Amino acid sequence: MTTFLATAVLTLGVGAGQAQEWHTSSSLIGGSKYGENFERYDYVNPDAPKGGILNSTVQGTFDSFNPYIVQGTPAAGLAPFGGGLLYDTLMEQATDEGSVSHALVAEAYKFPDDYSSATYRLDPNARWHDGQPITVEDVIWSFQTLKANSPMYNRYYENVTEAVKVGEREVEFRFDQKGNRELPKIMGDLAVLPKHWWEGTDAKGNKRDITRPTLEPPLGSAAYRIKSFRPGQEIIWERVPDYWGAKLPVKIGRENFDTRRYRYFLDSNAAWQAFTKGGFEDINAENSGRRWMTAYDFPAVKTGDVIKKEFVSNARAHMQGFILNTRRPIFQDRRVRQALSYAYDFDTVNRTQSFGLNTRITSYFMGSDFASSGLPQGKELEILENYRDKLPPEVFTKEFALPRFDNPQAERKILRDAVALFKEAGWEIRNGRMTNVETGQPFSFEILDSSQDSGPTLNPFIEMLRKIGVTVTLRVVDTSQYLNRVNDFDFDVIVQVLPQSQSPGNEQRDYWSTRAADTPGSRNTAGIKDPVIDELVNRVIFATDRDDLIAATHALDRVLLWSYYVVPQFTRPNLWLAYWNKFGMPDKQPDYIGADIESWWVDPEKEKALAAKYQSAN
């Protein structure tokens, strides 16, 4: 096992000279809670037994084992960003702290005081599943390939110009600008791919091509590898018994399942029915308050074979809402987008569909220090003053708030305000339909979705808009078609979650930048092209310290909110899991992510008893 230089560093605010040292843990907030002695996560069972099967269901289908390109639908277990089950990254993001990473393929890293580069030193024990060592050449090739082919990596590492070998086990990433204080740390998120495998030939002698989809199981380096699959129907992963990183601090007591089986269903209702029967979905993450409160009354719950449990999570309050595709002409007027936001009756939906369990989203950075509130002041105001003549005046004069349907008279007033906004934008109700005054075009659009059970959430919004003459249709398509259309921005409106970290930075380009708006597969699904937002994103990325980062993010958040690109929906603070009673788990779970399934293990006696009781569990 590698001897770790267990030193934590505060990447934002590191003292002069410290940055030249090697570090094995990194943080953007204040150093890891483990200090200089990270040996393992404090919540895990270091003696957790290995074995058993984790069954999961997936909606849709798959046709590729290459997740890093826009083409194709990747199989479960593969991730478009990061390594998924197959590949290790240079460092691994912590499960129990925000914006913290620990050593993985790289045993240590360092960077200069001006943040102009970052150097990573590879663990000499790091190996591919074929036994070959992971090399600096693999890292360089991975960086070049992923930046060229993956929209997410391209924006994330936009300021990284090259990767250069500077030692037998050392690779230096060079940046085109100084002062990007997050960039040295997030180079650790790079998935390392096997150059020798991807540049080789398959069993038929054909040269492999990482720019194309493939159903040849790739060589990996992480704790799992593909054991078998049926295209579009099932994929089975097996734990690698001699996995090189099993004794690393981030892996001790984790990744305990011998087998991970994913079976595909065409719709969510079928997947739900499979969960209730046993043997198809062992752990169900529930998102519907209505189902959480009313549907868990099937026999296995009553007998205690399925357990419902809430896990506290302080990293779950992300923006979720109706994304308005501003590439469509009807959504290009801010007043129209504002009117549509007014028509979403969160209060009634929360009361009637979710038992009052949800909270209305009021920020793109909900629940964190980065959420704007009140009126801009201090450094945030100074930042916004640079763009006063290019921003809506409300940014400076009004606290952002969404209308409340909290009394019988509220609906009439809110809809009247929405109609007035439409009128300002050149639309009026004629013969019961919202109509463009100049062209006579009726205002109508389609919500694209892939879930058969989304109706209870979406229909109230559709019905409310019909009251003001807006025609909305809901189109449900299969998962593959949905992903392809979203990647190509071929939709009017979708529902999407926009997750954020506790240290916003380079990923903001992929969400909001003009460049990302024209790049298929980016997360700028709203099609935002605003020079002010572009500049605010760069202001976030090149913040000088955490206070400056908070002020810059407040400004970005406020401008996004007042631009009404998203009709915000709801969030909740806790993670809801229902699981078949076959697991052992540590007494404590990490509050940051709520539950670390990788720290659970299968109890063989419980698994055997369930298999005997529920025949479909075999």
Side-chain angles (χ1 to χ4, degrees), residues 70 151 155 318-344 361 363-364 387 390-392 394-395 400 402 418 421-427 434-439 441-449 458 461-462 465 468 470-475 482-498 500 507-538 555-569:
V70 175
R155 246 87 60 205
H318 307 305
M319 169 60 79
Q320 173 181 308
F322 298 94
I323 309 294
L324 309 178
N325 186 357
T326 60
R327 301 171 187 84
R328 302 288 201 253
I330 61 170
F331 298 129
Q332 289 175 359
D333 192 303
R334 186 182 75 95
R335 293 165 295 189
V336 166
R337 301 194 299 268
Q338 183 176 0
L340 295 174
S341 294
Y342 279 16
Y344 180 64
I361 293 174
S363 168
Y364 285 82
Y387 313 104
K390 300 177 182 178
L391 294 173
E394 298 95 326
V395 168
F400 182 82
L402 296 162
L421 285 165
F422 266 111
K423 187 172 183 178
E424 289 179 21
W427 300 81
M434 187 64 70
T435 305
N436 187 283
V437 174
E438 293 185 1
T439 67
Q441 171 195 4
F443 196 101
S444 63
F445 63 88
E446 175 185 276
I447 299 176
L448 183 70
D449 203 77
L458 305 185
F461 185 45
I462 294 172
L465 286 170
I468 58 173
V470 175
T471 301
V472 185
T473 56
L474 171 62
R475 180 182 294 274
Y482 177 82
L483 292 175
N484 288 333
R485 289 187 60 177
V486 171
N487 283 335
D488 291 337
F489 308 127
D490 180 20
F491 63 88
D492 296 333
V493 175
I494 58 173
V495 175
Q496 190 175 40
V497 176
L498 303 173
Q500 295 287 353
E507 75 288 343
Q508 302 304 310
R509 287 195 182 107
D510 199 38
Y511 282 128
W512 325 120
S513 73
T514 296
R515 180 181 170 189
D518 293 325
T519 305
S522 83
R523 288 177 288 183
N524 188 351
T525 46
I528 299 169
K529 293 184 176 182
D530 185 332
V532 172
I533 290 177
D534 287 339
E535 291 189 28
L536 289 175
V537 166
N538 279 331
L556 174 62
D557 185 37
R558 197 179 301 273
V559 172
L560 288 170
L561 289 169
W562 280 106
S563 298
Y564 292 99
Y565 295 113
V566 177
V567 179
Q569 291 183 335

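Note that this is a predicted model, so its numbers are computed, not measured.
In terms of heavy atoms, Ala343 sits closest to Leu465 at CB-CD2, 3.4 Å. Taking all atoms of both residues into account, the shortest heavy-atom contact from Phe489 to Ala517 is CE1-O, 3.6 Å. Closest of all the heavy-atom pairs between Leu498 and His318 is O-CB, 3.7 Å. Closest approach of Thr519 to Pro151, counting heavy atoms only: CG2-CB, 4.3 Å. A pairwise comparison of heavy atoms in Val472 and Ile462 identifies O-CG2, 3.5 Å as the closest pair.
Remark: side-chain polar atoms of Thr435 are not paired, donor with acceptor, to backbone N or O of Pro442 under 3.5 angstrom. Of the possible polar contacts, one joining the Asp557 side chain to the Tyr364 backbone as a donor-acceptor pair under 3.5 Å is found. Remark: the backbone N or O of Pro520 is not paired with any side-chain donor or acceptor of Asn487 at under 3.5 angstrom.
For the 3.5 Å distance criterion, the side chains of Glu507 and Tyr511 fail to qualify, holding no donor opposite an acceptor.
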Evaluation steps, ring pair (Phe, Tyr, Trp, His ring centres under 6.0 Å), between Phe445 and Phe331 | CA-CA 10 Å; Phe445 63 88; Phe331 298 129; 5.5 Å; yes
Test Val559 against Leu536 for side chain to side chain contact (heavy atoms under 4.5 Å, CB included), laying out the working first.
-> CA-CA 9 Å; Val559 172; Leu536 289 175; 3.7 Å; yes
Would Leu391 and Val532 satisfy side chain to side chain contact (heavy atoms under 4.5 Å, CB included), going step by step from the backbone distance to the final call?
-> CA-CA 8 Å; Leu391 294 173; Val532 172; 3.9 Å; yes
List the steps, then state whether salt bridge (Lys or Arg N to Asp or Glu O under 4.0 Å) holds for Glu424 with Arg334.
-> CA-CA 11 Å; Glu424 289 179 21; Arg334 186 182 75 95; over 6 Å; no
When you look at Leu556 and Val537, which way does the side chain to side chain contact (heavy atoms under 4.5 Å, CB included) test go after all the steps?
-> CA-CA 7 Å; Leu556 174 62; Val537 166; 4.3 Å; yes
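Looking at heavy atoms from C-beta onward, Asp492 lies out of side-chain contact with Asn325 at the 4.5 angstrom threshold. Within the 4.5 Å cutoff, the side chain of Asp530 has heavy atoms near those of the Tyr565 side chain. Proximity of Met319 to Val497: side-chain heavy atoms (C-beta onward) are nowhere separated by under 4.5 Å. Counting heavy atoms from C-beta outward, Val566 and Leu324 have side chains that stay 4.5 Å or more apart. Residues Val336 and Leu421 fail the side-chain proximity criterion, which asks for heavy atoms closer than 4.5 Å.
Remark: Gln508 pairs with Gln500, Trp512 by the side-chain hydrogen bond (donor to acceptor under 3.5 Å, both in side chains) rule, at least two apart or across chains. With sequence neighbours excluded, the residues forming a ring pair (Phe, Tyr, Trp, His ring centres under 6.0 Å) with Phe461 are Phe322, Tyr344, listed by chain and number. Partners of Phe443 by ring pair (Phe, Tyr, Trp, His ring centres under 6.0 Å), not counting sequence neighbours, listed by chain and number: Phe422, Trp427. The side chain to side chain contact (heavy atoms under 4.5 Å, CB included) check on Ala516 picks up Arg155, Asp510, Ser513, Ser522, Asn524, with sequence neighbours excluded. With sequence neighbours excluded, the residues that form a side chain to side chain contact (heavy atoms under 4.5 Å, CB included) with Thr514 are Lys529, Asp534. Residues meeting the side chain to side chain contact (heavy atoms under 4.5 Å, CB included) test with Leu402, sequence neighbours left out: Arg360, Phe400, Pro568.
Evaluated for a salt bridge (charged side-chain N to carboxylate O under 4.0 Å, His left out) with Asp490, the options Arg475, Arg328, Arg327 yield exactly one hit, Arg328. Of the listed residues (Ile447, Asp449, Leu448), just one forms a side-chain contact (heavy atoms from CB on, under 4.5 Å) with Val493, and that residue is Ile447.
Atoms CG and CD, from Asn538 and Glu535 in turn, are 8.0 Å apart once rounded to the nearest 0.5 Å.
A salt bridge links Glu446 with Arg485; the closest basic N to acidic carboxylate O contact falls under 4.0 Å.
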